Amino acid sequence: MKEGVIIRRMIKADIEHISQAFIHQGWPGREDILTSYFQEQENRERDVLVAESDGFVAGYITILPAAKHGPFVGVYPELSDFNVF
């Protein structure tokens, strides 16, 4: 079987799938923060990229258009909250 992996923008349905993936790994669900990420993506304040493998969410990363901390504040994008299931 050939595995198909795609990278795409987060959709609203991903909130539940990602939260359940955390719970499955023994972590608390993250629906509140994921909903916040989705809203920030809709407002163009953050990009949320989701990796999907054969129809299942395999992980995600969020990208801020400009770093909020450190030596590159406001200069370069910041990769944030990266998780692989």
Side-chain angles (χ1 to χ4, degrees):
M1 175 188 280
K2 184 178 179 182
E3 185 174 305
V5 177
I6 62 169
I7 305 294
R8 58 172 174 74
R9 288 175 49 94
M10 179 187 214
I11 59 173
K12 194 165 190 167
D14 291 329
I15 295 169
E16 177 65 23
H17 296 133
I18 293 170
S19 189
Q20 286 300 312
F22 277 107
I23 292 168
H24 182 72
Q25 291 184 333
W27 291 85
R30 299 189 73 196
E31 287 188 27
D32 290 344
I33 190 72
L34 294 166
T35 298
S36 174
Y37 287 168
F38 182 75
Q39 277 299 325
E40 289 175 8
Q41 175 182 260
E42 295 300 297
N43 295 334
R44 299 179 187 243
E45 299 167 2
R46 175 188 304 264
D47 288 316
V48 185
L49 300 179
V50 174
E52 185 179 300
S53 177
D54 290 335
F56 296 97
V57 172
Y60 71 95
I61 189 167
T62 74
I63 306 167
L64 298 168
K68 292 186 177 186
H69 307 283
F72 303 116
V73 170
V75 178
Y76 296 114
E78 179 179 343
L79 302 178
S80 175
D81 199 0
F82 175 58
N83 286 284
V84 176
F85 307 111

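Count residues from 1 along the sequence. Values below: every heavy atom of this structure, side chains too, minus hydrogens, waters and symmetry copies. Keep in mind it's a predicted model, so treat the numbers as computed, not measured.
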A.B. asks: Just by modelled atom types, is the I7 backbone N or O under 3.5 Å from a matching donor or acceptor in the E52 side chain?
C.D. replies: no

A.B. asks: Hey, what do you get for CZ (R30) to CG (D81), rounding to the nearest 0.5 Å?
C.D. replies: 4.5 Å

A.B. asks: Roughly how far, to the nearest 0.5 Å, is the OG atom of S36 from the CD atom of Q41?
C.D. replies: 11.5 Å

A.B. asks: Side chains of R46 and S80: closer than 4.5 Å at any heavy-atom pair?
C.D. replies: yes

A.B. asks: Walk me through whether D47 and R9 qualify under side-chain contact (heavy atoms from CB on, under 4.5 Å).
C.D. replies: CA-CA 7 Å; D47 288 316; R9 288 175 49 94; 3.5 Å; yes

A.B. asks: Under the criterion side-chain contact (heavy atoms from CB on, under 4.5 Å), I'd like the reasoning laid out for I15 against F38: C-alpha separation, chi angles, the key distance, then a yes or no.
C.D. replies: CA-CA 8 Å; I15 295 169; F38 182 75; 4.1 Å; yes

A.B. asks: Does the side chain of L34 come within less than 4.5 Å of M10's, by heavy atoms?
C.D. replies: yes

A.B. asks: Between CD of E16 and CD of E31, what distance do you get to the nearest 0.5 Å?
C.D. replies: 4.5 Å

A.B. asks: Does D32, at its CG atom, have more than 12 non-hydrogen atoms belonging to other residues, nucleotides or ligands within less than 6.0 Å?
C.D. replies: no

A.B. asks: What do the steps show when you test I61 against L79 for side-chain contact (heavy atoms from CB on, under 4.5 Å), and what is the final call?
C.D. replies: CA-CA 7 Å; I61 189 167; L79 302 178; 4.0 Å; yes

A.B. asks: Under a single-linkage definition using a 4.5 Å side-chain heavy-atom cutoff for Ile, Leu, Val, Met, Phe, Trp and Tyr, are I63 and V84 assigned to the same hydrophobic cluster?
C.D. replies: yes

A.B. asks: Taking the side chain as every heavy atom from C-beta outward, state whether Y60 and I18 have any pair of such atoms under 4.5 Å apart.
C.D. replies: yes

A.B. asks: Is there a path of hydrophobic side-chain contacts, each under 4.5 Å between heavy atoms, that joins Y37 and W27?
C.D. replies: yes

A.B. asks: Side-chain heavy atoms nearer than 4.5 Å, only ILVMFWY residues, links allowed to pass through others: does that put L49 and I11 together?
C.D. replies: no

A.B. asks: What heavy-atom pair brings S53 and A58 nearest, and what distance separates the two atoms?
C.D. replies: CB-CB, 4.2 Å

A.B. asks: Before you tell me yes or no, could you show the steps for F85 and F56 under ring-ring contact (aromatic ring centres under 6.0 Å, His included), namely the whole-Å CA-CA distance, both residues' side-chain angles and the distance that decides it to 0.1 Å?
C.D. replies: CA-CA 10 Å; F85 307 111; F56 296 97; over 10 Å; no

